[in-house]
Structure formats: structure tokens, C-alpha cells
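Everything on this sheet refers to the single structure shown next.
All values derive from a computational prediction rather than experimental measurement. Each ligand, and each atom within it, is numbered from 1 in the order the structure gives.
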Amino acid sequence: MGPGRRRAAFRLRGGGSPQLLGLLPGKVSVFQLFFAALLLGFASLLWLQLSCSGEGAAPGRGVPRRPCPPEPQAPPADDPSWGPHRLALLVPFRERFEELLAFVPYMHRFLSKKRIRHHILVLNQVDHFRFNRASLINVGFLESGNDTDYIAMHDVDLLPLNEQLDYSYPEAGPFHVASPELHPLYHYKTYVGGILLLTKQHYEMCNGMSNRFWGWGREDDEFYRRIKGAGLQVRRPSGITTGYETFQHLHDPAWRKRDQKRIAAQKQEQFKVDREGGLNNVRYRIESRTALSVAGAPCTVLNILLDCDTNETPWCTFG
Ligand code: UDP
Ligand code: MN
């Protein structure tokens with residue numbers, strides 16, 4: 001307590017001065033004030049002792065700190081307030097280890113807070129063909145089991161920062177969470193990449209995604225046309241005010257290079273709609289299935305060997 005405060009206390013006693021917020025009795029002796037100060041000091045010490053250090057908090061000076069108790073949690077997942085649906089979070093993946101370490105705990109926490117039942121499936125492509133995001137999502141869908149009834153195709157490097165974003169069962173049609181009005185990079189109207197939710201029924205109506213897209217890009221644009229072809233409407237978030245700050249994109253393109261090579265027929269083929277292929281003709285083998293916990297957050301890693309018909313899509317090899 002500083003000297004200024006003490007002078008004020010003496011003045012108080014000096015007579016006639018207004019009572020301090022009407023809380024103190026009219027006659028306060030120096031002794032009483034001293035006692036009150038002592039009590040206050042003791043209380044603040046006690047508070048310091050009992051207080052905790054949150055994540056990223058400055059280290060306490062000399063006062064031993066203990067970690068905060070966990071913040072109030074949503075009710076346990078068997079509570080009916082979580083609703084009847086369960087999401088299969090399908091994450092196409094290859095060599096993005098640092099991103100995965102951040103993604104799994106973040107998404108588990110984010111979805112749990114929103115009471116979204118979920119199972120994170122990391123679709124790790126382990127064959128030696130070029131990356132095929134769409135085929136991995138098809139495999140994830142086929143391997144996701146009966147305990148999930150809707151999917152999110154979800155980039156590993158896109159973290160939703162706004163808790164208002166809806167991840168609930170998309171009854172009314174495909175729900176594009178990473179809308180072009182919110183995605184930090186892609187702003188064209190027909191964009192459906194990044195994060196897209198679909199009921200399993202709607203994904204089947206599209207026959208999944210085409211398996212003809214090896215290397216970076218275009219598979220999502222082709223999927224937009226499949227959605228339309230199935231008579232479905234893409235819906236997008238409304239009332240989100242965080243604009244291009246809505247997601248964190250953990251992607252340094254110098255470090256995570258996009259495989260944009262277009263060889264021979266791929267130049268023309270990439271713009272075509274695949275009317276035959278999809279869920280019905282994806283060729284793969286599950287090499288292994290591993291239950292994993294990343295910083296306490298559960299997920300399943302599927303090691304997937306895709307197969308490529310090199311007559312059909314000769315651009316699937318690195319050449
Ligand atoms: N991806 C991956 N490894 C790769 C290429 C892509 O894991 O070598 C996955 C990952 O989930 C990534 C998504 O595919 O977030 C989309 O690829 P990328 O980030 O390169 O495309 P962008 O949307 O940034 O253009
Ligand atoms: Mn990216």
C-alpha cells in the first residue's frame with residue numbers, strides 16, 4: 001500500500017470527509033486501518049499462491065506457480081447434448097508432420113468444445129505415386145466405418161480460428177466451411193477445397209471424387225461439378241465477421257512445394273469431368289491402421305497404398 005493511500009486514510013479520520021463509498025464506518029482508527037491493510041496484504045498473498053499460470057503466461061517472479069486446472073469442459077461425449085451424429089474428419093496427408101502435430105490436438109479441442117462427435121482419420125499416402133488428395137478422401141470414406149454418418153474433407157494445414165464456424169451434420173447439402181469469402185488464399189466462387197462437409201449419403205450420390213487427379217489441384221473443382229450433377233447445392237457459412245482471418249493456413253510454399261507439374265495429356269485432362277470413376281473404382285490397399293494420440297488427442301492413421309492404372313492416367317508417376 002503506497003503512502004498516498006495512507007494520507008487519504010488519515011484525512012478520512014481527520015473528520016468531516018465523506019465516508020469511503022459509504023462502506024466504512026464513520027470513525028476509523030489508525031489501528032483499524034492498519035489491521036485492514038494487513039488483512040488485504042495477506043489475502044493478496046494467498047491469491048497469488050492459489051493462482052495458476054495459464055499457457056503462455058509470464059513466469060511468476062519468485063512465487064511458485066502451478067498449472068491451471070482444465071477450463072470448464074463440454075459434458076462428456078456420451079451426453080445427449082452432443083446430438084446423434086458423428087463426423088469422420090478425413091485428412092489427406094503426406095509429409096506434413098509439423099502441421100499434423102498442431103492439427104490433431106487443435107481440431108480435437110475445437111470440435112469437442114462445439115460438442116461435435118468426431119473421429120480424426122489421417123489418410124497417409126505411402127505408395128510412390130504422386131499425391132492424390134481425392135483418392136485418399138475416397139479411401140477415407142470407405143474405411144470410416146458405420147459409427148460415423150458424415151464426413152469433412154479437411155486440409156491438414158487449415159485451422160479454423162472462429163468458433164462460430166458450423167461443423168454440424170449438413171442435412172441440407174454439402175457445407176463449404178472454407179468458403180471463398182473466408183479462405184486466406186482462394187477466392188473464386190466455385191471453390192470447394194480446404195474444408196467441405198457432406199453427409200455420407202450425399203457423398204455417395206456424387207460417387208465420391210474422381211481418382212484421375214495426381215499431383216496438386218483441380219480435383220476440388222471437378223468435385224464442384226459432381227455436386228451440381230447430383231442436384232445438390234453448396235451452402236456456406238453466414239454471419240462470420242472475421243473475413244480472411246477466419247483460418248490459419250500453416251503453409252510456407254517454399255518449404256511445402258505444390259506439385260504443379262502437368263505432363264502430356266494431363267494438361268487437357270485436368271479440366272474434364274470424370275463421369276465414370278469415383279468411389280466405385282478407387283484402387284488401394286490399407287498397409288496398416290494405427291491408433292495414435294497427439295498431445296492427448298486421439299486419431300487413427302491409415303497407411304494407404306494407392307494403385308494407379310498407368311494406361312488411364314500416365315501422369316500418376318513422378319516420371
Ligand atoms: N497434402 C499433404 N501432402 C502433400 C500435399 C498435400 O498432406 O504433399 C494435403 C494436406 O492436407 C494439404 C492438402 O493436401 O493441406 C492441400 O494441399 P496444399 O496445402 O499443398 O494445397 P493448397 O490448398 O495450400 O493450395
Ligand atoms: Mn496449403
Side-chain angles (χ1 to χ4, degrees), residues 87-108 110 118-141 143-144 151-161 176-197 208-224 244-262 266 270 282 284 287 290 292 294 299-306 308 315-319:
L87 168 68
L89 198 76
L90 306 181
V91 189
F93 183 83
R94 177 186 265 174
E95 290 176 346
R96 303 272 179 123
F97 185 64
E98 291 82 355
E99 293 86 332
L100 191 72
L101 287 187
F103 179 85
V104 174
Y106 185 87
M107 288 310 298
H108 177 61
F110 181 88
H118 60 276
H119 183 187
I120 301 176
L121 289 159
V122 180
L123 312 166
N124 186 28
Q125 186 179 341
V126 294
D127 55 73
H128 291 177
F129 295 111
R130 293 170 76 191
F131 190 68
N132 190 327
R133 179 175 175 271
S135 289
L136 291 172
I137 292 165
N138 284 338
V139 174
F141 176 90
E143 297 293 327
S144 60
I151 64 163
M153 38 181 102
H154 208 303
D155 284 1
V156 73
D157 61 5
L158 217 49
L159 304 184
L161 301 177
H176 188 217
V177 179
S179 128
E181 283 160 23
L182 307 173
H183 192 285
L185 215 56
Y186 299 118
H187 304 145
Y188 57 96
K189 249 176 65 187
T190 56
Y191 177 63
V192 287
I195 309 165
L196 181 66
L197 310 186
M209 301 184 82
S210 170
N211 300 296
R212 296 176 63 84
F213 293 81
W214 302 88
W216 178 87
R218 293 274 168 222
E219 80 295 338
D220 45 1
D221 298 329
E222 201 266 357
F223 189 63
Y224 177 80
Y244 298 149
E245 308 286 307
T246 303
F247 301 94
Q248 189 179 0
H249 190 196
L250 305 169
H251 193 153
D252 171 0
W255 170 238
R256 302 302 196 205
K257 290 194 173 27
R258 298 181 174 101
D259 171 15
Q260 289 170 324
K261 190 177 61 167
R262 297 287 183 257
Q266 193 181 11
Q270 61 173 329
V282 60
Y284 71 100
E287 190 193 61
T290 310
L292 203 71
V294 183
C299 66
T300 302
V301 178
L302 298 183
N303 277 0
I304 299 166
L305 287 154
L306 293 178
C308 167
W315 54 86
C316 63
T317 64
F318 285 99

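Using a 3.5 Å distance cut-off with no hydrogens or angles, the side chains of N132 and N211 do not pair a donor with an acceptor.
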Subject >> L100 vs F93, side-chain contact (heavy atoms from CB on, under 4.5 Å): CA-CA, chis, key distance, verdict >> reply: CA-CA 9 Å; L100 191 72; F93 183 83; 3.8 Å; yes
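In this structure, the ring of F129 has its center less than 6.0 angstrom from the ring center of W214.
Under the 4.5 Å side-chain criterion, counting only non-hydrogen atoms from C-beta, N124 is not in contact with I304.
Between H154 and F103, the ring-plane angle classifies as perpendicular under the 30° and 60° cut-offs.
Ion pairing between a basic and an acidic side chain is recognised when a charged N comes within 4.0 Å of a carboxylate O; D127 and R94 show such pairing.
Legend: residues meeting side-chain hydrogen bond (donor to acceptor under 3.5 Å, both in side chains) with E99, ordered by chain and number and at least two apart, are R256. Every residue was checked against the ring-ring contact (aromatic ring centres under 6.0 Å, His included) condition with F247, not counting sequence neighbours, and none meets it.
Using a 4.0 Å heavy-atom criterion, the residues that approach ligand 1 are P92, F93, R94, R96, F131, D155, V156, D157, Y186, W216, H249, H251, R258.
The ring-ring contact (aromatic ring centres under 6.0 Å, His included) test with H176 singles out one residue from Y224, Y191, F223, Y186, and that residue is Y191.
Protein N/O/S atoms found under 2.8 Å from the Mn ion (ligand 2): D157 OD2, H249 NE2, H251 ND1.
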